[in-house]
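Here the structure is laid out as structure tokens; the discussion comes afterwards.
Numbers restart at 1 for each chain; the letters A, B, ... are given by sequence-line order, proteins then strands. These figures come from a predicted structure and were not determined experimentally.
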Protein chains: 2
Amino acid sequence: MRKKEEKKISIAVIRRLPRYFRYLSDLIKLDIKRISSKELSQRMGITASQIRQDLNCFGGFGQQGYGYNVELLYDEIGKILGIDKRFSCIIIGAGNMGNALANYQNFRNRGYDIVGIFDADPRKVGTVINDIKVYHIDDLESFVAKQHVDIAILTVPGSRVNEVASKVTALGIKGIWNFSPTDLKLGSDIVVENVHLSDSLMVLGYRLREKLNGSEQ
Amino acid sequence: MRKKEEKKISIAVIRRLPRYFRYLSDLIKLDIKRISSKELSQRMGITASQIRQDLNCFGGFGQQGYGYNVELLYDEIGKILGIDKRFSCIIIGAGNMGNALANYQNFRNRGYDIVGIFDADPRKVGTVINDIKVYHIDDLESFVAKQHVDIAILTVPGSRVNEVASKVTALGIKGIWNFSPTDLKLGSDIVVENVHLSDSLMVLGYRLREKLNGSEQ
DNA sequence: TTAGAATTGACAAAAAAATAACAAAATGTT
DNA sequence: AACATTTTGTTATTTTTTTGTCAATTCTAA
Ligand SMILES: NC(=O)c1ccc[n+]([C@@H]2O[C@H](COP(=O)([O-])OP(=O)(O)OC[C@H]3O[C@@H](n4cnc5c(N)ncnc54)[C@H](O)[C@@H]3O)[C@@H](O)[C@H]2O)c1
Ligand SMILES: NC(=O)c1ccc[n+]([C@@H]2O[C@H](COP(=O)([O-])OP(=O)(O)OC[C@H]3O[C@@H](n4cnc5c(N)ncnc54)[C@H](O)[C@@H]3O)[C@@H](O)[C@H]2O)c1
């Protein structure tokens with residue numbers, strides 16, 4: 001079981017890891033101790049080849065003739081995803097989406113602690129969401145000076161997000177989870193993950209219409 | 001300017017369309033009348049080749065020596081995405097995420113009308129979110145009998161989502177936008193678009209750690 | 001009006017990703 | 001203990017996606 005750190009691992013592989021992690025978690029709940037790539041592939045609806053190839057980017061976690069030990073593989077993928085490490089996060093924009101995210105408990109279970117919420121609206125400042133205080137955006141700098149922040153979760157309107165992102169990166173925050181429909185213009189030393197919900201819905205609409213029209217003919 | 005309906009268009013292309021649409025919308029706001037694939041590629045951070053190839057899946061919208069007419073291209077992509085058509089949607093699960101989505105105005109602008117919200121919790125039934133009534137999940141069948149529904153937006157806990165998805169598909173709803181972390185087991189005649197937010201956050205965490213560790217060495 | 005510049009659409013090439021194939025190793029059965 | 005079966009890790013092949021190239025066309029400026 002050796003690690004392979006030589007070659008750059010493609011983002012396509014990385015994006016599948018959380019899905020493996022979820023399925024393995026389910027197997028543990030079902031008290032299943034071992035699994036072959038073939039059976040997992042049937043459950044997940046992908047090819048066994050892909051599973052083996054993906055996992056082998058990080059090391060040989062399986063055993064010939066046996067398959068994979070579920071718990072061990074779960075732990076290994078957890079380690080790769082850094083479930084054991086903790087990230088300190090803030091939410092900027094205490095609106096609808098900011099509230100929903102602040103109230104979600106599961107991020108903490110995955111290692112992401114929300115330590116503060118920021119908003120420009122004075123009516124929101126001073127309130128508390130899920131035991132997390134809402135501060136004024138102008139207090140961000142002093143907050144970050146006192147407490148290290150890894151990730152800023154941006155749930156402000158699209159028209160404000162570039163200005164907010166600039167502030168955030170100027171303070172040395174290196175990770176941004178962007179919920180606004182606006183693409184961010186930032187340097188390459190910042191890691192940005194976008195959640196473009198409207199895009200996702202429009203793709204669903206396209207696929208749905210395609211399916212309905214296709215079956216019509 | 002002819003359409004090309006012969007070859008199946010890849011999902012990778014489809015997923016870029018909303019992004020083109022957004023950028024073109026911005027150009028219109030900036031009162032820019034024409035754009036070359038080269039300039040657009042610089043703004044978007046992708047290759048000009050890809051833009052031309054993507055657009056040519058649907059027809060030749062540009063003109064040699066001139067580029068693309070922004071407004072015309074915007075309209076064409078809008079047509080491809082079906083912005084002119086309307087979808088009738090329901091939200092199931094009036095919790096944090098259901099509330100956030102119900103309160104978002106922009107889905108309507110894109111052609112997605114939320115016509116009802118459903119929940120199993122009697123305390124939520126009878127309330128109104130953003131002028132949309134919350135019904136009991138048991139009333140879903142009679143609701144769908146009276147009013148056609150294209151898309152169900154599922155914001156129930158992962159442990160409940162498969163049972164809810166079964167109900168929904170049994171009633172003939174063909175599109176599902178799934179916000180739960182659970183993958184749905186459904187027939188191939190249902191179109192499912194997943195929004196796995198935790199997965200997205202974990203990918204951000206991975207990339208961030210990779211970047212930080214990389215720059216350390 | 002004409003020459004040179006710009007730019008597309010189509011096709012070719014390259015790169016990346018997914019799938020298949022298979023030798024090697026371990027399992028499990030008789 | 002022998003041997004057929006299972007299953008991995010790895011390499012090869014195929015498919016898909018992205019990028020590069022260029023003739024043909026249109027624009028534009030003089
Ligand atoms: N709610 C949804 O379901 C949904 C869906 C898709 C996309 N989005 C996107 O997510 C973002 C947030 O959406 P929302 O529905 O929560 O909006 P919202 O209006 O409810 O909340 C936005 C919040 O940001 C705050 N804000 C504005 N400017 C700020 C600034 N400069 N600094 C700090 N705070 C500031 C506002 O005071 C407000 O509280 C938007 O970009 C929206 O397009 C939301
Ligand atoms: N809130 C977030 O930021 C967030 C982030 C990531 C993922 N999610 C996922 O989105 C989903 C919703 O999250 P949430 O935070 O809104 O949860 P929530 O608990 O606030 O809301 C869930 C709602 O679903 C209702 N419900 C439960 N069973 C039902 C059933 N059988 N039929 C109809 N309604 C039912 C509940 O009464 C509740 O109102 C979950 O699957 C969660 O994992 C949420």
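A close approach under 4.0 Å does not occur between any side-chain nitrogen or oxygen of B/Asn56 and OP1 or OP2 of C/dT8. Listed pair B/Tyr68 / C/dG9 meets the phosphate criterion, a side-chain N or O lying under 4.0 Å from OP1 or OP2. Taking side-chain N and O atoms only, B/Ser10 has no distance below 4.0 Å to OP1 or OP2 of D/dT16. At C/dA17, none of the side-chain N or O atoms of A/Arg15 fall inside 4.0 Å of OP1 or OP2 (strictly under the cut-off). Proximity of B/Arg52 to the phosphate of C/dT8: a side-chain N or O atom is located under 4.0 Å from OP1 or OP2.
With sequence neighbours left out, B/Tyr104 forms a side-chain hydrogen bond (donor to acceptor under 3.5 Å, both in side chains) with no residue at all.
Atom CG in B/Leu55 sits about 13 Å away from atom C1' in C/dT7, given to the nearest Å. Across the protein-nucleic acid pair, A/Leu73 atom CG and D/dT8 atom C1' stand 13 Å apart, rounded to whole Å. For the pair B/Ile51 CD1 and C/dG9 C1', the interatomic distance rounds to 14 Å; values are reported in whole Å. Put simply, CG on A/Leu72 is 14 Å from P on D/dT8, counting in whole angstrom units. Residue A/Asp54 contributes atom CG, which lies 13 Å from atom C1' of D/dG9 at whole-angstrom precision. Whole-Å rounding puts the B/Gln64 CD to C/dA10 C1' distance at 10 Å. For the pair B/Gln53 CD and D/dG20 P, the computed distance is 12 Å after rounding to whole Å. Following rounding to the nearest Å, A/Gln63 (CD) and C/dA26 (C1') show an atom-to-atom distance of 6 Å.
For the contact set between residues 24-50 of chain A and DNA chain C, defined by any heavy atom under 4.0 Å, the members are A/Arg34, A/Thr47, A/Ser49, A/Gln50.
Outside the 6.0 Å centre-distance limit, the rings of B/Trp177 and B/Tyr112 are not counted as a close aromatic pair.
Screening B/Arg15, B/Arg110, B/Arg22 for a salt bridge (Lys or Arg N to Asp or Glu O under 4.0 Å) with A/Asp199, the sole residue that qualifies is B/Arg22.
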Identify all side-chain donor-acceptor contacts of residues 83-91 of chain B below 3.5 Å with residues at least two apart in sequence or on another chain.
from, atom 1, to, atom 2, distance (Å)
B/Arg86, NE, B/Asp113, OD2, 2.8
B/Arg86, NH2, B/Arg108, O, 2.8
B/Arg86, NH2, B/Asp113, OD1, 3.0
B/Ser88, OG, B/His148, O, 2.9

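Classification of B/Glu210 and B/Arg207 as a salt-bridged pair fails, no side-chain N sitting under 4.0 Å from a carboxylate O. A salt bridge links A/Asp31 to A/Lys33: one of the charged nitrogens lies within less than 4.0 Å of a carboxylate oxygen.
Note that OG of A/Ser37 and CD of A/Gln42 are 9.5 Å apart. Values are rounded to the nearest 0.5 Å.
Between A/Tyr66 and A/Ile11, the residue anchored closer to the 5' end of DNA chain C is A/Ile11, taking for each the nucleotide with the nearest heavy atom.
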